[in-house]
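As the structure is a computational prediction, the values presented were derived from the model and not from experiment. One-based numbering, in listed order, for ligands and for the atoms of each.
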Amino acid sequence: MPLGKRTDCGDAKYSGVDIPFTSNVVKSLQSQLDCGFDFITVPLVAPGFKRPKYRPGELTMPYKWPDLLLVSAQYGSQIVGKVSTWIQPDAADEALRRDSQAALRQELEWATHLSLQACILNLPPSPSSANFAYTVNQVMHGLSGMAMWLRIPLMSGRAAETPSSAVDATGKASPASASGQEGDDSWERWNQVRCLTWHNAKLGVVLDVPAVLPPKEEIVRWYGEPVKALLLPTSVFLINKRGFPTLSKAHQDMLLTFFNHGVQVVLTGESQIQSPSPAPVETPPQSPASAPVALKEEGVPLETGHAAAQSPDSPAVEAAEAAAAVHPLRVYCEYLSYLFRKPPLPDGQEQLEVGYRDYLQAPLQPLQDNLEMQTYETFEKDLMKYTQYEAAVLEALLDRVSEEEAGTRKIVLMVVGAGRGPLVRASLSAAQRAKRKLRIYAVEKNPNAIISLQNLISTEGWDDRVTLVPADMRNWLAPEQADIMVSELLGSFGDNELSPECLDGAQSCLKPDGISIPASYTSYLQPITTAKLWNDVKVYNDLEHFETPYVVKLHRFTALADTQPVFTFRHPNRAAAIDNGRAAHLHFDRTGRLAAVCHGFAGYFDACLYGSVHLSIHPPTHTHDMYSWFPIYFPLKEPVSLPADAPIEAHLWRCGAHHKVWYEWALTSPTAITHMHNPNGRSYYVGL
Ligand SMILES: C[S@@+](CC[C@H](N)C(=O)[O-])C[C@H]1O[C@@H](n2cnc3c(N)ncnc32)[C@H](O)[C@@H]1O
């Protein structure tokens, strides 16, 4: 039974439980399914199993696993195997190394034969993981379904060196636990294996959650990584006054974020619910790593009847014991389900966007292509965008026409790229509010949108104020010049739908002192970790897709540095010779940041419509409640590993030829120089 029904949390509706090796897998599995878990993680081999010494070419002993008791569909959905923990393919000792490699291969092949959902492998303890990666890589290349989950401590050795910012289960700063190896960043060892296996999408991560959480940046670093599950020990839970397990606020927040990223949870360890009923503990909580402690009212699952404070022998505590008697982990499972369902469901728009999370889309080309009805409909639902335009036109009208002139002077306003008319409506509404007179030209080159515009004008009775112009704004000869030119030709990266080229062509229709709305726009770039998107591009197995920018609702990603401004365009552009080519050399400071991998860049824009009115998808200034644009993603063909603190240098060029515009990009520092992406627009360009 899944944790709950939430369309916004993907795979996270599934919870698993870790069990010891069993010779009766059917019974063990059934008991956990009855408790409410969806799958079990279980060792593939009995702990005491004596493997014969490795001899090349010799048949090794079969496992004592009752493989015929379950059908492959159950193996594929309800069982995750765990590889033996003694295995050390990179051990210094030659015999142990050879035995380990043979055993690792053998266990993985056995798991593959069973068609398990996934196999959990321990991160090798030695600093080098090359032999481990070598074997895993070979097995992965023959895999069709099964995934490999590398088990990594969430608390890396690096965090263990900076105890001041670690947070314990009660939410207080606390000395670090020993989960990570001192001085050794477990993320780096994961990265080594991932790089050696060339970012194979079958390789994921399961994170061991410690009682003492590492600093936030350690956790955030995993958001862009392929985390499949959190291993959550029962010892991390606190026991509340009513005898039920609960998690600290810090642990709850972390779990909820990972749930939201589609990450599953696996409960490990024995139940900590004591029987007979736990004594009420009124003293401050003890160390979370030791005995369970009483917690105040935080995180109490109301569904399990715990709303009011209870005495230890009250019916509620008895209920906790009774539930634990049915299955010792039942109350934990119920708590996880409660936590999963706790956050409010996303509202209408957010809910709509869930389906677009981390989904690669080709950017629109409204100049080269004619947009469809559905696309216009989507634009028009974004009320905030038009509210901002209306505010900008209002300000411009008030600045341009004084109170004294208001009754006599008529302003000529052109909406260039009018679509189905929402900017015409916003401009008329602004004029009404400003009490200024307006004559509008609605210029549109899409013959289908022109029909809609024509209908709109006559239905709304705008014929006396609005003139429809079916033309390309770049070569329309206007009967008069405009005071104000309004357009919305912006892409996720500002200029990427060729607003500069279109408006440069149209500005001959603007009076020398005329106003362009937007007045300017600036693009921004930010390096990111996004294993999901990078692997989705890799699936195409060609260069072209790595040299193409995508519009995407970024969700599972980590920002690796602050954004940097890239290109700015201002309108009207009165330069003697207009050149919309640009070259940006970007420097991203990463002082104090952890080692990470860069899978490419996220791009945004901030447009100044007029005066103080902006339209922005740049995270620091994002226009509230506006959702017309998702960010853009520029991938890197080869992900680049970044040492801690190392700055990033990147270059981006905007290039043009007579029929097209394109971007080229490269990362030039710190550790590697990538090739130049998209030379001469060979893989991607925007048609003029
Ligand atoms: C992003 S849509 C915006 C439509 C509308 N203003 C809105 O906000 O819903 C851009 C519109 O500009 C039109 N367009 C693009 N380039 C144009 C050009 N050179 N001349 C005339 N219209 C153009 C497209 O056909 C499209 O209808």
Side-chain angles (χ1 to χ4, degrees), residues 361-393 413-430 440-457 462 466-478 482 484-510 516-518 521 551 569 571 580 605 607 609 613 615 617 623 626-630 632 656 658-661 686-688:
Q361 289 179 278
L364 290 176
Q365 298 225 15
L367 178 56
Q368 181 185 268
D369 307 329
N370 283 326
L371 301 180
E372 291 173 6
M373 173 87 144
Q374 210 185 341
T375 313
Y376 287 113
E377 260 174 25
T378 310
F379 293 155
E380 290 160 20
K381 283 187 190 139
D382 189 351
L383 299 183
M384 182 49 80
K385 174 178 134 184
Y386 302 107
T387 303
Q388 294 298 91
Y389 267 97
E390 186 175 321
V393 174
L413 183 146
M414 291 173 182
V415 177
V416 288
R420 305 196 312 172
L423 293 182
V424 175
R425 186 188 296 281
S427 302
L428 286 170
S429 171
I440 295 186
Y441 291 90
V443 185
E444 174 56 56
K445 58 95 194 166
N446 177 351
N448 306 309
I450 287 165
I451 298 173
S452 307
L453 257 177
Q454 209 161 22
N455 288 332
L456 182 77
I457 291 169
W462 293 344
V466 182
T467 307
L468 179 56
V469 182
D472 186 318
M473 69 178 85
R474 292 171 296 175
N475 40 44
W476 174 50
L477 295 174
I484 302 174
M485 183 173 277
V486 181
S487 68
E488 192 284 273
L489 303 159
L490 299 167
S492 300
F493 201 50
D495 59 82
N496 63 301
E497 289 182 9
L498 308 190
S499 180
E501 284 72 13
C502 288
L503 293 184
D504 291 348
Q507 68 183 14
S508 61
C509 307
L510 192 62
S516 169
I517 295 177
Y521 33 90
V551 167
F569 292 86
H571 298 288
N580 289 325
F605 78 87
L609 293 182
V613 186
L615 276 190
I617 64 160
T623 306
M626 188 187 70
Y627 45 80
S628 280
W629 294 270
F630 293 150
I632 200 162
H658 72 282
H659 66 290
K660 64 179 187 178
V661 171
V686 193
L688 268 168

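Proximity of Met626 to Ile617: side-chain heavy atoms (C-beta onward) are separated by under 4.5 Å at one or more points.
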With a cut-off of 3.5 Å and sequence neighbours excluded, list every side-chain donor-acceptor pair involving residues 467-478.
unit_1	atom_1	unit_2	atom_2	d
Asp472	OD1	Arg474	N	2.9
Asp472	OD1	Arg474	NE	3.1
Asp472	OD2	Arg474	NE	3.4
Asp472	OD2	Arg474	NH2	2.7

Side-chain donor-acceptor pairs under 3.5 Å in residues 496-506, sequence neighbours left out?
unit_1	atom_1	unit_2	atom_2	d
Asn496	OD1	Ser492	N	3.3
Asn496	OD1	Phe493	N	2.9
Ser499	OG	Tyr521	OH	2.8
Glu501	OE1	Arg654	NH2	3.1
Glu501	OE2	Arg654	NH1	2.8
Asp504	OD2	Asn580	ND2	2.7

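In terms of modelled atom types and a separation under 3.5 Å, the side chain of Glu444 and the main chain of Ile450 share no donor-acceptor contact.
Between the side chains of Asn446 and Tyr376, at least one donor-acceptor pair of N or O atoms lies under 3.5 Å.
With sequence neighbours excluded, the residues that form a salt bridge (Lys or Arg N to Asp or Glu O under 4.0 Å) with Glu380 are Arg420.
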N/O to N/O under 3.5 Å, ligand 1 against protein:
unit_1	atom_1	unit_2	atom_2	d
ligand 1	6 (N)	Gly417	O	3.0
ligand 1	8 (O)	Lys385	NZ	3.1
ligand 1	8 (O)	Tyr386	OH	3.2
ligand 1	9 (O)	Tyr386	OH	2.9
ligand 1	19 (N)	Asp472	OD1	2.9
ligand 1	20 (N)	Met473	N	2.9
ligand 1	22 (N)	Lys445	N	3.3
ligand 1	25 (O)	Glu444	OE2	2.6
ligand 1	27 (O)	Tyr376	OH	2.6
ligand 1	27 (O)	Glu444	OE1	2.8
ligand 1	27 (O)	Glu444	OE2	3.3

